[in-house]
Amino acid sequence: MPKKMAIPIRMEKQLLGRLAEGARRTPLNQRELLRRTLRLRLREVIEAEAIRPASRLTTVNPWPRGALARAYRRANNGWDCIEASAAAAPGQPD
């Protein structure tokens, strides 16, 4: 026989009313009705409420490994030339 453990839970009045109605309409008491409902539906609720990994926002494939670092290296080299030219330029920009 599996080990049993009591778990205190707070329930809204509406849910308690539904349990009471279920106990009146079935041969099960409220406790057994709650147990049976958990056994039958808990897996479905877990699957429905499970946190899923974020899906991709775009259909564009990610860059291959290392490509981003190469692109930044290339961009930094070009930026150095632009900064040198700007520093050598006379006067204030218009």
Over all heavy atoms of both residues, which pair between L28 and L33 is shortest? Give the atoms and the distance, please.
CD1-CD1, 4.0 Å
Hydrophobic cluster identity match, L40 and V45, side-chain contacts under 4.5 Å:
no
Calculate, to the nearest 0.5 Å, the distance between atoms CD and CG belonging to E21 and L19 respectively.
10.0 Å
With the 4.5 Å side-chain cut-off for hydrophobic clustering, are I9 and L16 part of the same group?
yes
Closest approach of Q30 and A23, non-hydrogen atoms and distance?
CG-CB, 3.8 Å
Looking at R35 and E32, does any basic side-chain N land under 4.0 Å from a carboxylate oxygen?
yes
Does one hydrophobic cluster hold both L15 and I7, with members joined at side-chain heavy-atom distances below 4.5 Å?
yes
Work out which heavy atom in P8 is nearest to a heavy atom in A6; give both atom names and the distance.
CD-O, 4.0 Å
Indicate if I51 and L42 have the same hydrophobic cluster label, given that clusters are the connected sets of ILVMFWY residues with side-chain heavy-atom separations under 4.5 angstrom.
no
For the pair E44 and R41, find out whether any cationic side-chain nitrogen is under 4.0 Å from an anionic carboxylate oxygen.
yes
Roughly how far, to the nearest 0.5 Å, is CD of E47 from CZ of R43?
6.0 Å
